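This structure is a prediction, so every number in the text was calculated from the model and none was measured. Convention: sequence-line order gives letters A, B, ...; per-chain numbering from 1.
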Amino acid sequence: MIRTVLAAAVLAFGATALVAQTDPIAARKALMKANGDQSKIATDMLENKRPFNLDEAKKVFATFAEAGEKAPTLFPDTSKTGGDTAALPAIWENKADFEAKLAKFARESKAAADATKDFETFKVQVTEVRKNCGGCHQPYRKRAS
Amino acid sequence: MLRKLVMAAVILAVIAAGIFWLVTIPATVSVDALAPRTPNLDNGKAMFYAGGCAACHLAPNEEDKTKLGGGMALKTMFGTFYPPNISSDRKDGIGGWSEANFVTAMWKGTSPDGSHYYPAFPYTSYQRMTMDDVRDLFAYLKTLPAVQGRVRDHDLPLIFKFRRMLGGWKLLFLDGRPFTPDPGKSAQWNRGAYLANAPSHCVECHSPRNLLGGIIQSQRFAGGPDAEGGDGWVPNITQAGIGDYSERDIERVLETGDTPGGDSVGGAMSNVVGNTSKLPAEDRAAIAAYVKSLPPVEGPKHP
């Protein structure tokens, strides 16, 4: 059983790595999609449309942190266009700033997970952490609806 | 015979030029229209953030929203505009302006030296602001830091450099009407309608424009191609576009930039949120109530 799980995990990891290597645009879109889904869960909890749950709350930040850590490798020079990407050329013109912002996002997301103990702390943390979103969406993402 | 024809043509041309000159004289607001008044700086500050002055008038990469040195590029289909210094600096900003100069700029789109401003400065919306709000805003701007330095000229094709032509544009698109409340609606709705249509100038980006750059009135708020060029798209914010947003969702977008679907707004809307986040909460709620009430209107089709 353990072997099957391990094998599946290795396979899944390998597949993810492969997608990241062969199709970084699809991979980064998937990361952002996951962020969006988690962010929606967070908003729904804040708005009392969904009951607060500490594990789910921490997962929001874990997902954010993972995206912040993985994203820097998903913008190689070969991925400036294609795949219906909304990434702007400004990313590659300001790579250091872009990566610094992602690192800050990952760092603050991790800290937020640790600082979240209950609904009130979650509310404060999620509001703070999400201030990072616009930091990249403003200069680096094409406007689209 | 030929000479008579030529003479007639010349006379007609002179008359036409004269008429053009007359109808395109930049309009002003005279000092006499301004009764003595003590400004309300809190209201001026609210107007500053409702109007989002800092969204265009900061220097490039300036983080401090009170340093209005100007100069960030505003790319449009007509060319690139460089919003001027509107800091309180007497020489380079508006520190030396009279109140009448400022009201004239906001309502008539006319500069203190009597020339037309380009409508990249959204006076088509600002003209609907009340006189008191404009005066309070001016008083508040004068309390902000002086920033030195003049901004470079706009980068426009030669034919657009003849500003007098804008007098013709204004005849078509600047109606001079103030905001009129709808007595059948709540005070909150009317506050929201006023903010959205006058200082906050939402329609300036969230509406399609015709070939002359005028807003297509039947599709106000219905989104369309990004006026700042590129292949970006500005969302339809009538109920045809964001019908699934609740009032509270719209309020949240204006407060934090977070959309109900889990995304965050980008592009110029991030700058807008940087300002609306500093509005009194009841003003954001008012805008949300108004936007939520916009009947569904189909905008141009997103390719």
Colleague: Considering only heavy atoms, which portion of Val273(B) lies under 4.5 Å from any heavy atom of chain A: side chain, backbone, both, or neither?
Modeller: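 Interface part for Val273(B): neither.
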Colleague: With a 4.5 Å heavy-atom cut-off (strictly below), which parts of residues 90-111 of chain A touch chain B? List them by number.
Modeller: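 Result: none.
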Colleague: In this structure, are over 12 heavy atoms from other groups packed under 6.0 Å from Lys292(B) atom NZ?
Modeller: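 Yes, the 6.0 Å shell around NZ holds more than 12 heavy atoms from other groups.
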Colleague: List in chain and number order the residues that pass side chain to side chain donor-acceptor pair (under 3.5 Å) with Ser246(B), two or more places apart in sequence or in another chain; answer none if no residue qualifies.
Modeller: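 Applying side chain to side chain donor-acceptor pair (under 3.5 Å) to Ser246(B) gives Asp249(B).
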Colleague: Is Lys123(A) atom NZ crowded by more than 12 heavy atoms from other residues, nucleotides or ligands, each under 6.0 Å away?
Modeller: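 Counting other residues, nucleotides and ligands, NZ of Lys123(A) stays at 12 neighbours or fewer.
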Colleague: Name the member of Ser264(B), Gly223(B), Pro260(B), Gly274(B) that forms the most heavy-atom pairs with chain A at distances under 4.5 Å.
Modeller: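 Highest number of pairs under 4.5 Å: Ser264(B).
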Colleague: Would you say that more than 12 heavy atoms from the other residues, nucleotides or ligands in this model lie under 6.0 Å from the CD of Glu63(B), or not?
Modeller: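 Result for CD/Glu63(B): open.
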Colleague: Hey, which of Asn271(B), Thr256(B), Thr259(B) has the most heavy atom pairs under 4.5 Å with chain A?
Modeller: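 Of the options given, most contacts go to Asn271(B).
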Colleague: With a 4.5 Å heavy-atom cut-off (strictly below), which parts of residues 128-138 of chain A touch chain B? List them by number.
Modeller: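 Hits under 4.5 Å: Arg130(A), Cys133(A), Gly134(A), His137(A), Gln138(A).
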Colleague: With a 4.5 Å heavy-atom cut-off (strictly below), which parts of residues 45-52 of chain A touch chain B? List them by number.
Modeller: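 Hits under 4.5 Å: Leu46(A), Glu47(A), Lys49(A).
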Colleague: Quick test of your reading of the model: are Asp263(B) and Arg141(A) salt-bridged, counting only N-O distances below 4.0 Å?
Modeller: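 Salt bridge flag = yes for Arg141(A) with Asp263(B).
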Colleague: More than 12 foreign heavy atoms under 6.0 Å from NZ of Lys33(A): is that the case here?
Modeller: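 No, because the 6.0 Å sphere around NZ of Lys33(A) holds 12 heavy atoms or fewer from other groups.
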Colleague: Can you tell me how far apart OG1 (Thr127(A)) and CZ (Arg252(B)) are? Round to the nearest 0.5 Å.
Modeller: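 Here the rounded value is 7.0 Å.
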Colleague: Under 6.0 Å from the NZ atom of Lys67(B), do we count more than 12 heavy atoms belonging to anything else shown?
Modeller: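 No, the 6.0 Å shell around NZ holds no more than 12 heavy atoms from other groups.
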